Amino acid sequence: MKDFKRYTITSALPYANGPVHIGHLAGVYIPSDIYARYLRGKGKDVLFVGGSDEHGVPITIKAKNEGVTPQDIVDRYHGIIKKSFEALGISFDVYSRTTSETHHKTAGNFFKKLYEEGKLIEKSTEQYYDEEAQQFLADRYIIGTCPHCNNEEAYGDQCESCGTSLSPMDLKNPKSTLSGNLPIRKKTKHWYLPLDQHEDFLKQWILEENKDWKPNVYGQCKSWLDSGLHPRAVSRDLSWGVPVPIDGAEGKVLYVWFDAPIGYISNTIEWAEKEGKDWEPYWKDKDTKLVHFIGKDNIVFHCIIFPAMLRAHGEYILPDNVPGNEFLNLENDKISTSRNWAVWLHEYLVDFPEKQDVLRYVLAANMPEAKDNDFTWKDFQARNNNELVAILGNFVNRSAVLTQKYYNGTVPVLGELSDYDKNAIAELASIKGKVEKSLETFRFREALKEAMSLARLGNKYLADAEPWKLAKTDAARVETILNIALQITANLTIVFEPFMPFTTAKLRKILNVSAYNWEQLGGMDLIPSGHTIATPFLIFDKIEDAEIEAQMNKLMESKKLNATANAKSNPAKEEITFDDFVKMDIRTGTILEAEKVPKTKKLLKLLVDTGVDKRTVVSGIAESYKPEDIIGKKVSILINLAPRKIKGIESQGMILMAENESGELGFVACEKDFGSGSEVR
RNA sequence: GCCGAGGUAGCUCAGCUGGUUAGAGCGCAGGAUUCAUAAUCCUGAGGUCGGCAGUUCAAGCCUGCCUCUCGGUACCA
């Protein structure tokens, strides 16, 4: 394995439109922190970078909904996030933000360099613009007639019927899907990163040279690369973001996917300025190992797009590994910010004061490394009570209490070793290599288990050696046994340091020692005989059922609130006139037939009796209803909507559906049994 | 639909390029023990490795089909 001079470790930038929850922690921040702490313990030159991602449309929407500025939103969440990370002991060397001056400068310059060197495609084109919706239309928001096969429902980027790739201007009779109007041509200029030009390189680099990446990451990359890469716009018409730094680009900002990862570099620069260091080696020296910790939603950006950007720039190194984790569920349900189904870090820290390490431990032990995992409060309690309290806490307490009891807290001498002692010592020595191997291959759960096995070894050693029995008969033997027990305890402070830094600090307090370095792990001479340890105290407390119930109740409250749905409903749409309303002809109807549209996930083809006639409607409800269950259902149907071809089937109308927060659909129907054809108004 | 990752003991997960009676932790049962937050230590029960077919002397691991979960993507008048 290559010996690197320094390590640059990044953790995905949390998006500053909400606080951080356990899913973020288990996926990204706990593993990256463990890795960073481990490497520092080995004396490596480590830079651990974090920061908030503060641009993008969702933040502007949230701000609008709350009647505040985007800056207000990001200030609020950046503050909460930063503080809670600190409290959990996530040991960032720098945690900054993408609204910083440094970042705007860095991201702007990055763009400028690519621009000036011709690494970007500039397209000053006439694009379709919807005057009613007042925006430029993305390819997919335009439909029209395919010039090749005359399919009238071709999209701006592709015709589904003949499969040809198109551009919006190719279409005959273009229509905006937002308003249905004829879009006008309006001039706009944008810049694109030609990912296709980097495709061969990326294929070689990832598929051939990085076969050791995690299967989920590698597979996802392969999937993207196999389907072909296309130029991707790096700018857009928006006011919130990093302004495009060239003349004539007013009203345009960098797309957030382009600016956010540069944040890692900006934050490094900020750190270096503060520390009086040179930032460049951390990003440009071949002897630097760059590692991106991310969740699976970020794989394509960190494995394909960002590397393509770095390579286009030319001065930067590429990541050595991108350990992407899967997702963490909570009590068998997807974690969701909008449904408030989450354990929020800032709330946990209040509900469980001084228990940062319990959360760190449980999340590390249950990390979704290979597949999605489930966090349950019951498991949280069990791991605390059965593992932290019973195995680790108990062993430390036993050895410290015995030392107090027999020797008044003075470490006894190590005498002659029995074969049994030698075995235990050999086992102790073997743990270092195992933990290292696991950590260096990003197998954090395994590493933690190995660390825990040291505490198990300690318990077993004491149980077998039984010093409390020998105390009256063989004083010298007891001295040796307790010396070994204390050396094991001292080793625990080293091996657990990456995982549970608050606990190891407590352990050192009990042992009355200062910090060791990682290379001392496995040693039998960590505490000299004659050294005096402190009065022991308990490092973990049992968590009672009541505390767990309280957390469960909190979650149930969220569930109830969601059910009553007075949660956050979308704001009302623009006012319309009565005349606008009566244009719609809505009728009560009855579903006569229903079948799934082949090769789709959501679409059902329905035959509906409208009273007026029987007609075919294609409806996107297959995820909420099975075809056989809805035959005979009363519905409301809009019958004077212009027909539209969907997947080759002409849909003549639209079934009215109510949709809740989680996307579930329900029919809207008359409460009295009126039969088909009654008008709805 | 297409692409990717998963489906291994009650629970959470290991299982390297196919090779003897499939492993760990927790939980459970029985026993030992008392220095310790009734904590610990030992022993044991418990699995047709998602299903079906195939390749092979040999398959949890390879191939084909099917099925379930998660993610990406298409579609959702």
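The shown structure was predicted, so the numbers you read here are calculated from the model rather than taken from an experiment. Residue numbering restarts at 1 for every chain, and letters A, B, ... go by the order of the sequence lines. Note: hydrogens, waters and symmetry copies are ignored here, and every other heavy atom, side chains too, is used.
- Between the CG atom of A:N332 and the C1' atom of B:rC11 there is a distance of 11 Å, given to the nearest Å.
- Rounded to whole angstrom, the span from the NZ atom of A:K602 across to the C1' atom of B:rG1 amounts to 13 Å.
- Between A:N366 and A:D226, it is A:D226 whose nearest contact on RNA chain B lies nearer the 5' terminus.
- A gap of 12 Å separates the C1' atoms of B:rU56 and B:rG19, to the nearest Å.
- In a base pair of the Watson-Crick type (N1 to N3 plus N6-O4 or O6-N4) or a G-U wobble (N1-O2 and O6-N3), with each distance short of 3.5 Å, B:rA29 is matched with B:rU43.
- For the P atoms, the distance linking B:rA39 with B:rU63 amounts to 48 Å, nearest Å.
- Under a 3.5 Å cut-off, the side chain of A:Q381 and the backbone N or O of A:I543 do form a donor-acceptor pair.
- One interatomic measurement links the two molecules: CD1 of A:I304 to C1' of B:rG72, which rounds to 11 Å at whole-angstrom precision.
- Side-chain contact check for A:N321 and A:K214: no donor-acceptor pair (N or O, by modelled atom type) lies under 3.5 Å.
- Classification of the A:H302-A:F306 ring pair by plane angle, with boundaries at 30° and 60°, yields perpendicular.
- Taking only side-chain nitrogens and oxygens, A:K334 comes nearer than 4.0 Å to OP1 or OP2 of B:rG71.
- Between the CZ atom of A:F301 and the P atom of B:rG72 there is a distance of 11 Å, given to the nearest Å.
- Spacing between B:rC26 and B:rC42 at atom P, rounded to whole Å, works out to 10 Å.
- Partner A:N216 forms a side chain to side chain donor-acceptor pair (under 3.5 Å) with one of A:K296, A:E326, A:K371 and no other, that one being A:E326.
- Between A:R445 and B:rC26 there is no side-chain N or O to OP1 or OP2 distance below 4.0 Å.
- When the P atom is compared between B:rA29 and B:rA45, the two are found 16 Å apart, to the nearest whole Å.
- Within the shown strands, B:rC70 is the pairing partner of B:rG4 under the Watson-Crick or G-U definition, both distances less than 3.5 Å.
- In this structure, A:F380 has its ring center under 6.0 Å from that of A:F352.
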Subject >> Letter per nucleotide, 5' to 3', of nucleotides 29-39 of chain B [B base touched, S only sugar-phosphate touched, - untouched; heavy atoms, 4.0 Å] >> reply: -----SBBB-S

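- Close to B:rG25, at under 4.0 Å from its OP1 or OP2, lies no side-chain N or O of A:R383.
- Atom-to-atom, CZ of A:F380 to C1' of B:rC26 comes out at 16 Å; the value is rounded to the nearest Å.
- With a 4.5 Å cut-off on side-chain heavy atoms, A:I206 and A:I304 count as touching.
- For B:rU21, there is no paired nucleotide, since no Watson-Crick or G-U wobble pair has both relevant distances below 3.5 Å.
- Which of B:rA14, B:rC41, B:rG25 sits closest to the side chain of A:E387 comes down to B:rG25.
- Listed for the A:E369 side chain is a donor-acceptor partner under 3.5 Å among the backbone atoms of A:R445.
- The gap from the P atom of B:rC68 to that of B:rU43 amounts to 43 Å, rounded to the nearest Å.
- Side chains of A:T480 and A:N483: a donor-acceptor N/O pair is absent below 3.5 angstrom, by distance only.
- In this structure, B:rC76 forms no base pair with any nucleotide, since neither Watson-Crick nor G-U wobble geometry is met with both distances under 3.5 Å.
- Between A:R587 and A:D613 there is no salt bridge, since no side-chain N of the basic residue sits under 4.0 Å from a carboxylate O of the acidic one.
- Counting to the nearest Å, the C1' atom of B:rA77 and the CG atom of A:L604 are 15 Å from each other.
- Among the protein residues, A:S227 comes within range of no part of the nucleic acid, since none of its heavy atoms lies under 4.0 Å from any strand.
- Pair check for B:rG60 finds none; no Watson-Crick or G-U wobble contact set falls under 3.5 Å.
- Taking atom CE of residue A:M452 and atom P of nucleotide B:rC26, one finds them 9 Å apart after rounding to whole Å.
- Taking the C1' atom of each, B:rA9 and B:rA5 are spaced 23 Å apart, rounded to whole Å.
- B:rA53 and B:rC16 have their C1' atoms separated by 28 Å, with the value rounded to a whole Å.
- Using atom C1' as the reference point in both B:rU40 and B:rU67, the two lie 45 Å apart (nearest Å).
- Counting any heavy atom pair closer than 4.0 Å across all strands shown, A:A400 reaches no nucleic acid atom.
- Judged by distance alone with a 3.5 Å cut-off, no donor-acceptor contact links the side chain of A:K371 to the base of B:rU12.
- If you measure from atom NZ of A:K214 to atom C1' of B:rG71, you get 14 Å, rounded to the nearest angstrom.
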